[in-house]
> 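Mind looking over this structure? Questions follow.
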Amino acid sequence: MSIIKPDIDVLLEDAENDRFLLCTMASKRAHDINDMMCGQRDRAIQLQSAIEIARAVDAKPLTMAFNEIARKDVSFDPESIDL
């Protein structure tokens with residue numbers, strides 16, 4: 001039984017069972033999400049209610065990145081990796 005959601009085994013399957021690749025994928029995506037959230041904060045304040053903004057802020061960028069990897073919304077190109 002795992003308390004981590006999504007399950008680590010599912011995440012590792014999407015990263016060729018390489019935990020370091022998984023960390024790199026999640027880190028880069030979380031960085032992008034964080035940059036996007038910071039850049040859109042002022043615009044969101046103008047367009048959304050405080051409750052909607054609070055819901056979006058509750059999700060951490062790394063959690064969002066892991067969820068995207070589990071849904072297969074994020075992947076990597078093995079050809080672009082320098083060995």
Side-chain angles (χ1 to χ4, degrees):
M1 182 174 93
S2 174
I3 60 170
I4 299 171
K5 298 292 182 203
D7 190 40
I8 191 72
D9 294 330
V10 172
L11 293 169
L12 283 171
E13 287 173 8
D14 296 326
E16 297 184 348
N17 291 315
D18 184 344
R19 62 183 176 205
F20 299 108
L21 177 59
L22 176 61
C23 288
T24 300
M25 290 170 56
S27 172
K28 287 184 177 190
R29 182 60 185 142
H31 184 79
D32 291 343
I33 291 169
N34 190 46
D35 287 348
M36 183 177 54
M37 288 172 74
C38 289
Q40 294 294 323
R41 184 176 53 101
D42 294 333
R43 184 170 182 268
I45 290 170
Q46 294 173 352
L47 299 175
Q48 296 176 338
S49 71
I51 294 171
E52 292 169 335
I53 293 170
R55 281 189 203 130
V57 172
D58 279 346
K60 303 286 187 223
L62 190 57
T63 301
M64 294 170 71
F66 280 132
N67 287 330
E68 288 179 2
I69 292 169
R71 288 191 316 261
K72 298 185 181 359
D73 291 342
V74 174
S75 62
F76 74 100
D77 180 12
E79 299 293 321
S80 67
I81 298 175
D82 295 327
L83 298 177

> Decide yes or no on side-chain contact (heavy atoms from CB on, under 4.5 Å) for L22 and I8, but give the supporting numbers first.
CA-CA 10 Å; L22 176 61; I8 191 72; 3.9 Å; yes

> Applying the salt bridge (charged side-chain N to carboxylate O under 4.0 Å, His left out) criterion to D14, which one of R29, R71, K72 satisfies it?
K72

> So, for F66 and A26, which heavy atoms are closest and what is the spacing to 0.1 Å?
CE2-CB, 3.4 Å

> Short question: side chain of N34, backbone of A30 - any donor-acceptor pair under 3.5 Å?
no

> Above 12 or not: heavy atoms from other molecules or residues under 6.0 Å from CZ of R19?
no

> Let me confirm one number: the CG-CE distance from L62 to M64, rounded to the nearest 0.5 Å.
11.0 Å

> Which is it for I69 and M25 under the side-chain contact (heavy atoms from CB on, under 4.5 Å) test, yes or no, and what are the steps along the way?
CA-CA 8 Å; I69 292 169; M25 290 170 56; 4.1 Å; yes

> When clusters are formed by joining ILVMFWY residues with side-chain heavy atoms under 4.5 Å apart, either directly or through shared neighbours, do L12 and V74 land in the same one?
yes

> Looking at L21 and A15, what are the two nearest heavy atoms and their distance?
CD2-O, 3.4 Å

> So, taking the atom named CG in L11 and the one named CG in N17, what distance separates them when rounded to the nearest 0.5 Å?
11.0 Å

> Rounded to the nearest 0.5 Å, what's the gap from CD1 on I33 to CD on E68? Could you check?
4.0 Å

